[in-house]
Amino acid sequence: MRRYLLASAAFVFLSWTAAEAVSEPPAANAPPVTDWVPDETVVVSAQGAGPAFWHIKKGDAEIWVLGTVTPLPKGMSWNSAHLGDIVKGARAVLTPPTASSGLFETSWFLLTHRGLLSMPDDKKLDDTLPADLRARLAAQRTALKLKADEYDDDPPILAAMKLQGAFNKVHQLDSDEPLETVTRLAKENHVPVRAIGEYGALGLVKEGLRLPQESQRVCLEESVAYAEARSVHNVPLASAWAAGNLKEIKAHYVPGAFEKCIKQMASFGKLTDRAVADYLKAIHEALAQPGKVVMLTDIGSLLRTTGVAEALHKEGIVIEGPAE
């Protein structure tokens with residue numbers, strides 16, 4: 001179980017996406033995120049039925065960017081016909097950066113750092129939490145039908161990871177979509193698929209587990225806030241994404257659960273800079289050759305103030321997208 005958690009933690013930590021900004025946890029009925037780029041940074045363009053696309057063109061080169069939200073409800077029906085038309089004839093499909101941690105490296109870490117995976121001095125997690133956070137965590141355990149002592153021996157950051165996993169499982173959320181559908185369409189059309197980058201993320205996980213307890217509680221509080229907000233916004237966010245309704249996507253978009261948490265880690269800045277640089281490099285390379293490229297990126301990484309659209313705007317590159 002611990003090995004599985006560490007192996008999956010790389011994905012959990014990198015679900016912050018390439019350029020997520022940090023914001024305070026909102027009220028459940030308020031938009032979870034408000035730091036979107038101004039409308040004038042994106043030129044309005046006509047859209048086909050289904051999820052929204054953004055378009056960048058330079059001479060005979062063009063990039064179609066599918067803005068994604070993840071995870072989506074398992075088995076959710078959405079119109080992929082327009083996506084299929086765009087993928088057809090593309091030179092490549094570029095997917096978001098992936099995180100990996102080798103089996104040997106993970107096993108060695110478990111063998112030599114087992115103490116980091118439990119509360120110190122035989123303490124219980126609940127006994128170390130402020131009253132408000134303890135009550136909110138208990139409410140989430142109840143809502144997810146978890147045992148009262150589910151996280152007793154876990155340090156806060158490990159409990160935070162497990163809580164997000166439990167939330168996605170209970171709410172039947174699928175982290176493989178829409179990437180799985182895009183990959184299938186690419187294969188059917190003989191279009192190569194490659195990730196924009198691959199990062200070894202075990203170092204980030206190690207650093208997180210070594211954080212002081214007070215810092216780790218930031219991670220747990222964010223995970224609880226994620227569950228609270230996502231339970232309200234899950235369904236309307238997925239529906240808005242499937243319909244390409246940008247205004248409603250912005251109203252219900254919930255960022256990854258560990259923005260402020262990983263901001264405390266020195267490794268985070270390096271990965272963030274690398275991810276943004278890799279996205280921009282991939283865009284410039286695609287625009288340097290004739291033909292069509294399809295790119296996937298999280299809506300937040302695309303349209304928040306520290307995202308790709310803003311970086312392109314500063315370079316004078318026009319990106320067309322849907323109207324609100």
Side-chain angles (χ1 to χ4, degrees), residues 1-2 4-5 8-9 11-13 15-17 20 22-34 69-76 117-119 123-177 208 213-242 248-262 298 300:
M1 178 64 175
R2 301 288 188 183
Y4 169 77
L5 278 169
S8 62
F11 170 78
V12 171
F13 273 145
S15 66
W16 45 267
T17 67
E20 295 284 14
V22 177
S23 53
E24 294 299 321
N29 62 346
V33 167
T34 58
V69 296
T70 302
L72 293 171
K74 286 184 178 179
M76 187 185 86
L117 303 177
S118 302
M119 287 293 293
K123 294 179 181 177
K124 298 301 180 186
L125 175 63
D126 273 2
D127 296 338
T128 68
L129 300 178
D132 175 62
L133 180 55
R134 183 167 63 246
R136 291 168 64 199
L137 176 61
Q140 287 305 313
R141 284 196 303 252
T142 300
L144 298 175
K145 296 181 171 56
L146 301 174
K147 296 177 181 178
D149 61 353
E150 183 72 25
Y151 305 134
D152 263 2
D153 299 323
D154 295 329
I157 196 167
L158 193 59
M161 293 184 220
K162 289 171 68 173
L163 178 64
Q164 185 175 356
F167 180 88
N168 290 347
K169 181 178 180 180
V170 169
H171 287 268
Q172 297 187 340
L173 298 176
D174 185 0
S175 296
D176 293 330
E177 282 290 351
Q213 290 282 304
E214 183 178 348
S215 299
Q216 288 196 32
R217 282 196 287 274
V218 173
C219 309
L220 180 56
E221 183 172 6
E222 277 197 291
S223 189
V224 170
Y226 170 90
E228 291 168 343
R230 192 86 200 204
S231 62
V232 174
H233 295 283
N234 252 339
V235 173
L237 175 62
S239 299
W241 176 82
E248 287 300 303
I249 289 173
K250 289 182 176 181
H252 298 288
Y253 176 83
V254 180
F258 296 105
E259 288 189 353
K260 290 170 66 177
C261 170
I262 58 179
D298 178 86

Exercise for the section: Test V232 against V254 for side chain to side chain contact (heavy atoms under 4.5 Å, CB included), laying out the working first. Expected result: CA-CA 10 Å; V232 174; V254 180; over 6 Å; no
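- For the atom pair CG of D132 and CG of L137, the computed distance is 11.0 Å after rounding to the nearest 0.5 Å.
- In this view, S215 and L211, P212, Q264 satisfy the side-chain contact (heavy atoms from CB on, under 4.5 Å) rule, not counting sequence neighbours.
- When all heavy atoms of M119 and T128 are compared, the closest pair comes out as CE-CG2, 3.6 Å.
- Checked against salt bridge (charged side-chain N to carboxylate O under 4.0 Å, His left out), D127 has no partners two or more places apart in sequence or in another chain.
- Partners of R141 under the salt bridge (charged side-chain N to carboxylate O under 4.0 Å, His left out) rule, at least two apart in sequence or in another chain, are D126.
- By the side-chain contact (heavy atoms from CB on, under 4.5 Å) test, K145 is found to be paired with no residue, residues two or more places apart in sequence or in another chain being considered.
- A heavy-atom distance below 4.5 Å is not found between the side chains of I157 and L220.
- For the atom pair CZ of R136 and CD of E228, the computed distance is 4.0 Å after rounding to the nearest 0.5 Å.
- Listed here is the closest heavy atom pair of A160 and C219: CB-O, 3.6 Å.
- Residues satisfying the side-chain contact (heavy atoms from CB on, under 4.5 Å) criterion with A227, sequence neighbours excluded, are Q140, F167.
- In this view, K124 and D153 satisfy the salt bridge (charged side-chain N to carboxylate O under 4.0 Å, His left out) rule, not counting sequence neighbours.
- Counting only heavy atoms from C-beta outward, the side chains of M161 and S223 never approach each other to under 4.5 Å.
- To the nearest 0.5 Å, atoms CG (L144) and NZ (K162) are separated by 13.0 Å.
- V170 has its side chain out of reach of L146: every pair of non-hydrogen atoms, C-beta onward, lies at least 4.5 Å apart.
- Summarising the geometry of L129 relative to R134, their closest heavy-atom pair is O-NH1, 2.7 Å, with the distance given to 0.1 Å.
- Nearest approach of V69 to D298, heavy atoms of both residues: CA-OD1, 4.4 Å.
- Atom-to-atom distance recorded for K74:NZ and H171:NE2 is 13.0 Å, nearest 0.5 angstrom.
- Remark: P71 pairs with N168, L173, S175, Y226, R230 by the side-chain contact (heavy atoms from CB on, under 4.5 Å) rule, at least two apart or across chains.
- Judged as a side chain to side chain donor-acceptor pair (under 3.5 Å), and not counting sequence neighbours, E150 has no contacts.
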